[in-house]
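Here the structure is a predicted model, which is why all the values come from computation and not from measurement. Chain naming here is simple, since letters A, B, ... match the order of the sequence lines and numbering starts at 1 in each.
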There are 2 protein chains.
Amino acid sequence: MERTGGEVSLRYALLALLTSQPLTGYDVFKQFEQSVGYVWHAPDSQIYPELRRMEKDGLLRGVEEAWGKKGKKKRYHITPEGVEAFRAWINTTLDYTRERDPVHLKAAYLEWAEPEAARTQMQAHIAYHSSRAQQWQEMIAALEDRSNPILATRLEAAPEADRAKIAGYKIFTYEGMIERANAEIHWARHGLELIDKLES
Amino acid sequence: MERTGGEVSLRYALLALLTSQPLTGYDVFKQFEQSVGYVWHAPDSQIYPELRRMEKDGLLRGVEEAWGKKGKKKRYHITPEGVEAFRAWINTTLDYTRERDPVHLKAAYLEWAEPEAARTQMQAHIAYHSSRAQQWQEMIAALEDRSNPILATRLEAAPEADRAKIAGYKIFTYEGMIERANAEIHWARHGLELIDKLES
DNA sequence: ACAGCGTAACTATGAACATAGTTAGTTGAC
DNA sequence: GTCAACTAACTATGTTCATAGTTACGCTGT
């Protein structure tokens with residue numbers, strides 16, 4: 001069985017973060033949660049071993065630092081090979097395969113549900129996406145006024161000419177997520193009406 | 001480590017299919033591809049062992065049938081326990097955890113891409129979701145005029161009073177997927193404009 | 001008579017993920 | 001001075017998923 005070239009997105013999510021600055025595993029995990037993690041969730045138990053694998057593959061270089069009297073921690077620097085790998089990934093068009101959507105799976109068989117459970121599901125869908133949409137709206141605001149600290153660090157390290165692009169694409173990403181959330185909310189509201197109509 | 005109760009959606013996707021009629025493994029796989037598979041993709045290599053596990057867990061009962069002179073196949077019937085498990089799942093509100101979206105991950109770092117690669121990605125996104133939207137539109141038409149064979153079988157086995165619900169929720173599901181696809185298309189078009197603006 | 005295609009069912013392998021821990025140092029409040 | 005909360009890094013285990021096979025039957029056309 002062969003390794004299939006172009007997938008493994010956690011790896012690229014981590015590279016994305018490390019293009020900005022060198023970080024320790026714990027730093028990576030913490031920053032991940034507040035940035036890339038919104039589009040690609042991963043627990044620390046997946047991040048630590050992946051960082052080690054990436055070091056082994058030459059994409060990162062780990063520099064050990066003392067921590068306290070006995071402890072030590074490793075700060076990961078992206079290597080030129082790492083930058084190259086990231087660039088190659090970003091220039092490759094993604095293929096669209098897996099479709100895995102529990103909510104729509106459930107929606108398709110809602111005739112099996114208690115009407116109240118069906119309504120609760122739709123309300124939970126609305127609540128979830130509303131809260132996300134709001135969160136992203138705040139994120140966009142913080143990106144626009146440059147008060148987002150992770151963005152600020154990234155911008156500092158980047159040439160002036162690239163700064164509009166860096167911020168612009170991040171805002172664009174969150175805008176897309178808001179659009180999607182709004183579509184979900186609209187759909188679920190329609191679902192509530194449908195439940196009222198069908199379960200009478 | 002314990003088995004964590006309420007997840008494992010492939011199992012419920014299979015139960016959903018088998019609430020309508022008993023099917024052999026191969027039938028399941030084929031029908032899956034044309035119905036539930038649109039919201040929950042799974043290869044046959046995952047379906048066969050899962051069916052066996054479900055039989056072991058008492059959710060299905062497999063009845064062996066002769067096939068040719070030597071061959072045999074197994075037709076899976078849903079058991080009352082299976083129906084109960086499905087009903088329990090559908091009445092449980094899903095929890096929203098994993099967020100894993102390679103396109104938005106990539107979008108957030110598009111400043112690293114060649115402008116042409118960025119455009120190609122957005123165009124691929126539009127093409128993919130356009131084709132899906134069209135496919136679902138056709139699916140809705142076939143559900144509305146009852147010409148979809150999988151739906152027809154399901155409706156035959158169901159009491160008259162449930163038929164509007166059964167069809168209605170399936171149409172609702174595909175409507176949601178169209179809405180989402182349209183949001184993606186709209187976003188990607190905005191992306192193309194943004195690329196033109198930023199990469200000049 | 002056999003080639004080609006579709007049906008049917010299964011196996012093997014590894015990677016990715018989720019869940020749930022453990023160990024140990026650091027900082028600040030009471 | 002000790003306890004809680006946080007930082008830091010890691011381990012263990014099982015499940016899910018993807019990829020890529022294999023084996024064998026049955027029907028249709030030449």
Side-chain angles (χ1 to χ4, degrees), chain A residues 1-14 23-34 37 40-57 62-76 94-102, chain B residues 1-14 22-34 37 40-57 60 62-76 95-102 105:
Chain A
M1 229 111 321
E2 272 166 57
R3 284 277 293 92
T4 29
E7 284 303 301
V8 206
S9 285
L10 173 59
R11 173 161 294 205
Y12 299 103
L14 294 173
L23 295 167
T24 65
Y26 191 77
D27 290 342
V28 167
F29 173 58
K30 286 288 143 182
Q31 288 209 19
F32 200 85
E33 278 186 311
Q34 298 172 49
W40 195 272
H41 170 264
D44 64 338
S45 66
Q46 219 189 327
I47 289 173
Y48 284 115
E50 183 63 25
L51 287 172
R52 254 177 291 140
R53 249 174 273 131
M54 288 163 76
E55 187 182 12
K56 205 193 64 195
D57 294 348
V63 179
E64 289 204 338
E65 295 178 7
W67 176 62
K69 271 151 283 179
K70 291 183 279 182
K72 55 183 172 179
K73 54 184 174 176
K74 202 185 255 185
R75 190 171 300 272
Y76 290 99
L94 293 165
D95 50 325
Y96 294 78
T97 36
R98 44 182 173 194
E99 207 70 57
R100 236 163 274 248
D101 182 344
Chain B
M1 229 114 320
E2 275 167 55
R3 285 277 292 95
T4 28
E7 284 301 301
V8 206
S9 285
L10 172 60
R11 172 161 294 204
Y12 300 103
L14 295 173
L23 295 168
T24 65
Y26 192 75
D27 290 342
V28 167
F29 173 57
K30 285 288 141 180
Q31 288 207 20
F32 200 86
E33 277 186 311
Q34 298 171 49
W40 195 273
H41 169 264
D44 63 338
S45 66
Q46 217 190 329
I47 289 173
Y48 284 114
E50 183 62 25
L51 287 172
R52 253 176 291 140
R53 249 174 274 133
M54 288 162 76
E55 187 182 12
K56 204 192 66 195
D57 293 349
L60 302 180
V63 178
E64 289 205 337
E65 296 179 6
W67 178 60
K69 269 150 289 183
K70 292 183 281 183
K72 55 186 174 177
K73 55 184 174 177
K74 201 184 255 185
R75 190 171 301 272
Y76 290 99
D95 49 324
Y96 295 76
T97 35
R98 44 182 169 195
E99 208 68 58
R100 236 164 274 247
D101 184 344
L105 169 59

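Summary for the helix from dA1(C)-dT30(D) to dC30(C)-dG1(D): the axes at its two ends, each from 5 pairs, differ by 10° when rounded to the nearest 10 degrees.
Taking CG of L14(A) as the reference point, atom CE of M54(A) lies at 5.0 Å (rounded to 0.5 Å).
Considering only the side chain of S45(A), dA18(C) comes nearest among dA9(D), dC17(C), dA18(C). Distances were taken from every side-chain heavy atom of T24(B) (C-beta onward) to each of dA9(C), dC10(C), dA9(D); the shortest belongs to dA9(C). Side chain of P43(A), nearest nucleotide from dA18(D), dA8(D), dT19(C): dT19(C). In this structure, the nucleotide among dA18(D), dT7(C), dA9(D) sitting nearest to the side chain of K30(B) is dT7(C). Among the nucleotides dA8(C), dT7(D), dC17(C), the one closest to any side-chain atom of Y48(B) is dA8(C).
For the pair K74(A)/L51(A), no side-chain contact is recorded, criterion being any heavy-atom separation below 4.5 Å from C-beta on.
Computed from coordinates, the L51(B) CG to dT16(D) C1' distance equals 15 Å when rounded to whole Å. Residue D27(A) contributes atom CG, which lies 7 Å from atom P of dA9(D) at whole-angstrom precision. Distance CD (E64(B)) to C1' (dC10(C)): 14 Å, rounded to an integer number of Å. One atom, CZ of F29(A), and another, P of dA8(D), lie 12 Å apart when rounded to the nearest Å. Rounding to whole angstrom units, CG of residue L23(A) and P of dA8(D) are separated by 11 Å. In this entry the distance linking CD of Q31(A) with P of dT7(D) reads 13 Å, nearest Å. Between the CG atom of D57(A) and the C1' atom of dA15(C) there is a distance of 13 Å, given to the nearest Å. E55(B) places its CD atom 14 Å from the C1' atom of dA9(C), with the value rounded to the nearest Å.
R100(B) comes within 4.0 angstrom of sugar-phosphate atoms only, judged by non-hydrogen atoms across all strands, and of no base. At the heavy-atom level, R52(B) lies under 4.0 Å from the strands shown only through sugar-phosphate atoms. Nucleic acid contact for D44(B): base, since at least one base atom lies under 4.0 Å from a heavy atom of the residue.
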Donor-acceptor pairs are to be reported for all side-chain atoms of residues 22-29 of chain B against protein atoms at under 3.5 Å, with residues two or more places apart or in another chain.
{"from": "T24(B)", "atom 1": "OG1", "to": "D27(B)", "atom 2": "N", "distance (Å)": "3.2"}
{"from": "T24(B)", "atom 1": "OG1", "to": "D27(B)", "atom 2": "OD2", "distance (Å)": "3.1"}
{"from": "D27(B)", "atom 1": "OD2", "to": "T24(B)", "atom 2": "N", "distance (Å)": "3.4"}

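In terms of the side-chain hydrogen bond (donor to acceptor under 3.5 Å, both in side chains) criterion, E33(A) has no residue partners (sequence neighbours excluded). Looking at residues two or more places apart in sequence or on another chain, you find no salt bridge (Lys or Arg N to Asp or Glu O under 4.0 Å) involving R52(A). With sequence neighbours excluded, the residues satisfying salt bridge (Lys or Arg N to Asp or Glu O under 4.0 Å) with R53(B) are E50(B). Shown here are the salt bridge (Lys or Arg N to Asp or Glu O under 4.0 Å) partners of D101(B), two or more places apart in sequence or in another chain: R180(A).
In terms of heavy atoms, W40(A) sits closest to P102(B) at CZ3-CD, 3.6 Å.
At least one side-chain nitrogen or oxygen of Y26(A) sits closer than 4.0 Å to the OP1 or OP2 atom of dT7(D). One finds a side-chain N or O of Q46(A) lying less than 4.0 angstrom from the OP1 or OP2 phosphate oxygen of dC17(C).
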